[in-house]
Structure formats: C-alpha cells, structure tokens
Amino acid sequence: HVPEVNPRQIYAAGHSSAGTMALLFATHEARLAGCVAYAPCSDVQARIKREMPGVLHRIREAELPGLTEFIVKSSPRTHEARLNCPVFVFHAEDDSNVPAYESRQFIERLKGVGKDATLKTVPTGDHYESLIEEGIPAGIEWIKSRSGAK
C-alpha cells in the first residue's frame, strides 16, 4: 500500500543460506514477481546427510523434538510444487560450500514440472567471489529482463 512501490515488481533475493531462505519465502509468498538465489542450498536434508552423516540417526526425537520435521519444512525442495514465481539461480562450479550440481538438479526438477526457472553457472569464483564478480550483475540483468527496465 505504499504508492512508490509497484507490488508487481517485488523480488526475493539472497546468497547462500539467505538464498535458501529466499527460495523458501518464494514458495510461500505468491505475490512475488520472482526470486534470485545465489549459491543456495535447495535440499537441506541432503546437505545434512552429506555434511553430517548419521547425525539424524544419532539424535533422538526426545533430545530435540521436531528436528526432523523442521529440517523437512525448512528445505525449498520440500515445497517445489508451490513455487509459482520465476526463479533465477546462480552458482559457481567450483563452489566449496554448496555443490553446483544441487542447483542444477533443483532447476531441472522445476523445469520438469513446467516452472519458469533459470540457472546460470560460472566455472570459478567459489562461494563468494563469483557472487560479487558475476552473480549480482547477472541477477540484476535477469530482473531487468522480466520487468522491462533498462
């Protein structure tokens, strides 16, 4: 309801865990014009299994009630079917934090069910430098292409 803001031009964006949250937000906020995620973790369950093998089996529900359910609910992968806004994901192939194949699989699943999803990868830049050097400019160009801005 702010006259200076066009409600049809609001995007969610974030890098790394904030990219994960931007994707998660986009699955729950239908009014977004789009979502830009830089090197996100789109599958939280897979990351925990990969980074901390066996941790979920060792933690009993009595020690941390609801942990398993929280991990499922906090993963964008869980809510892919609800993601109805256009998505742009950027990732460096040499990312040492989140593997780029995770973003490729995420975008492939979205496209497989007819979602508007774009992936841009670059060969190098790891988790942070690629965002600064190429990711942010690419995200801005993607938004401009959607909004008709110059």
Side-chain angles (χ1 to χ4, degrees), residues 8-147:
R8 292 181 302 278
Q9 292 298 317
I10 298 176
Y11 290 78
H15 172 249
S16 194
S17 59
T20 302
M21 291 300 105
L23 289 170
L24 192 60
F25 179 61
T27 66
H28 291 84
E29 180 51 70
R31 296 173 293 179
L32 287 177
C35 178
V36 178
Y38 301 100
C41 172
S42 59
D43 190 341
V44 176
Q45 285 178 284
R47 178 169 178 125
I48 289 173
K49 287 178 185 176
R50 183 175 60 248
E51 300 292 324
M52 299 177 282
V55 73
L56 295 179
H57 297 292
R58 291 192 302 271
I59 297 174
R60 291 179 297 209
E61 198 62 24
E63 294 169 343
L64 291 169
L67 176 64
T68 302
E69 183 181 350
F70 173 75
I71 290 168
V72 171
K73 284 184 174 182
S74 66
S75 181
R77 179 166 187 179
T78 302
H79 308 282
E80 288 172 348
R82 293 180 61 181
L83 190 53
N84 292 316
C85 69
V87 174
F88 176 84
V89 174
F90 177 88
H91 218 121
E93 292 293 340
D94 69 345
D95 192 312
S96 61
N97 186 354
V98 180
Y101 70 78
E102 188 175 305
S103 287
R104 276 194 300 281
Q105 291 171 348
F106 180 68
I107 294 298
E108 286 171 13
R109 285 191 306 271
L110 291 178
K111 285 183 170 185
V113 293
K115 305 288 182 177
D116 184 348
T118 302
L119 174 66
K120 177 170 177 59
T121 61
V122 293
T124 61
D126 200 14
H127 193 66
Y128 180 73
E129 288 301 320
S130 63
L131 162 77
I132 301 301
E133 296 296 323
E134 298 180 69
I136 291 173
I140 291 169
E141 286 306 310
W142 181 83
I143 290 171
K144 285 180 176 180
S145 74
R146 299 219 156 271
S147 67

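Note that the numbering runs from 1 along the sequence shown for the chain. All of these numbers come straight from a predicted model, not from anything done at the bench.
- Side-chain contact between Ile107 and His91 is absent, with no heavy atoms from C-beta onward closer than 4.5 Å.
- The structure places CD of Gln105 at 12.0 Å from CG of Leu110, a figure rounded to the nearest 0.5 Å.
- Side-chain atoms of Cys35 and Leu23, non-hydrogen and from C-beta on, do get closer than 4.5 Å to each other.
- Of all non-hydrogen atoms in Lys120 and Ala138, the two that sit nearest each other are CD-CB, 3.7 Å.
- A distance-only check finds a donor-acceptor pair linking the side chain of Thr27 to the backbone of Leu24 [under 3.5 Å].
- Residues Pro86 and Thr118 form no side-chain contact, since every pair of their non-hydrogen atoms from C-beta on lies 4.5 Å or further apart.
- When all heavy atoms are compared, the tightest approach of Ala39 to Val98 is O-CG2, 3.9 Å.
- Between the Glu102 side chain and the Asp43 main chain, a donor and an acceptor come within less than 3.5 Å of each other.
- Between His15 and Tyr128, the ring planes are perpendicular. Angles over 60° get that label, and only those under 30° would be called parallel.
- Not counting sequence neighbours, the partners of Phe88 by the ring-ring contact (aromatic ring centres under 6.0 Å, His included) test are Trp142.
- Of all the heavy atoms in Pro40 and Val89, the pair that sits closest is CD-CG1, 3.9 Å.
- Val122 has its side chain within reach of Phe90: a pair of non-hydrogen atoms, C-beta onward, lies under 4.5 Å apart.
- With 3.5 Å as the limit, one finds a donor-acceptor pair spanning the side chains of Ser96 and Asp126.
- In summary, Asp116 and Arg146 engage in a salt bridge, as defined by a charged side-chain N under 4.0 Å from a carboxylate O.
- Under the 4.5 Å side-chain criterion, counting only non-hydrogen atoms from C-beta, Thr121 is not in contact with Ser103.
- In this structure the side chain of Val44 never reaches within 4.5 angstrom of the side chain of Lys73, judged on heavy atoms.
- Taking SG of Cys85 as the reference point, atom CD1 of Ile10 lies at 12.0 Å (rounded to 0.5 Å).
- Residues Arg77 and Gln45 fail the side-chain proximity criterion, which asks for heavy atoms closer than 4.5 Å.
- A distance of 7.5 Å separates CG in Asp95 from OG in Ser16, rounded to the nearest 0.5 Å.
- The two residues Tyr38 and Gly139 make their nearest non-hydrogen contact at OH-CA, 3.4 Å.
- By the 4.5 Å heavy-atom criterion applied to side chains, Lys115 and Asn84 are counted as neighbours.
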